[in-house]
Amino acid sequence: MDWEGQKLAEQLMQIMLLSFAVIAFGAGYIMASFQTMILTYAGGVVLTTLVTLPNWPFFNHHPLKWLDPSEAEKHPKPQPSVNVTAKKKSIKK
């Protein structure tokens, strides 16, 4: 799953859970049944999990482009500079 896919999965999860919460509340209120409300919401949570948890192909529309190992060797990792100045703490008297 790429970065855009993670964002899409997060948005889908939030929208689906909120939608199922509203639907479950409405169904429970109309039927005057707490059990109906809980079962409806639990079904929504299961459906949301099945939609957002697996790595479905539509979550991979923007794949990351990695360097080949041979290309990575041509571009060495930058080394930290030796002359790093640190601020001294002032001493209060």
Side-chain angles (χ1 to χ4, degrees):
M1 183 180 297
D2 57 35
W3 294 107
E4 294 295 323
Q6 288 180 7
K7 182 179 176 184
L8 177 61
E10 172 85 19
Q11 289 173 341
L12 275 174
M13 180 201 63
Q14 290 178 355
I15 291 168
M16 289 178 74
L17 287 178
L18 183 63
S19 300
F20 280 113
V22 170
I23 292 168
F25 179 79
Y29 186 78
I30 290 171
M31 300 182 83
S33 172
F34 185 74
Q35 182 179 7
T36 301
M37 181 182 73
I38 293 299
L39 290 176
T40 304
Y41 186 68
V45 169
V46 169
L47 184 63
T48 300
T49 302
L50 291 174
V51 169
T52 60
L53 192 61
N55 190 14
W56 297 107
F58 62 88
F59 289 135
N60 292 318
H61 284 294
H62 305 9
L64 297 173
K65 294 178 181 155
W66 295 88
L67 287 176
D68 286 334
S70 60
E71 277 293 316
E73 291 171 3
K74 293 177 185 176
H75 305 285
K77 194 165 88 172
Q79 300 296 323
S81 62
V82 178
N83 297 331
V84 177
T85 58
K87 292 185 179 180
K88 293 182 180 180
K89 292 183 180 179
S90 62
I91 300 172
K92 293 184 180 179
K93 290 185 180 183

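These numbers were taken from a predicted model, which means no experiment stands behind them.
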Could you pull out all donor-acceptor pairs under 3.5 Å where a side-chain atom in residues 34-41 meets a protein atom, sequence neighbours excluded?
unit_1	atom_1	unit_2	atom_2	d
T36	OG1	S33	OG	2.9
T40	OG1	T36	O	2.7

Per-pair distances, 0.1 Å, donor-acceptor, side chain in residues 11-32, under 3.5 Å, sequence neighbours excluded:
unit_1	atom_1	unit_2	atom_2	d
Q14	NE2	E10	OE2	2.9
S19	OG	I15	O	2.8

List the atom pairs, with distances to 0.1 Å, where a side-chain N or O of residues 44-55 and a protein N or O form a donor-acceptor pair under 3.5 Å, not counting sequence neighbours.
unit_1	atom_1	unit_2	atom_2	d
T48	OG1	G44	O	2.7
T49	OG1	V45	O	2.8
T52	OG1	T48	O	2.8
N55	OD1	M1	N	3.4
N55	OD1	N60	ND2	3.4

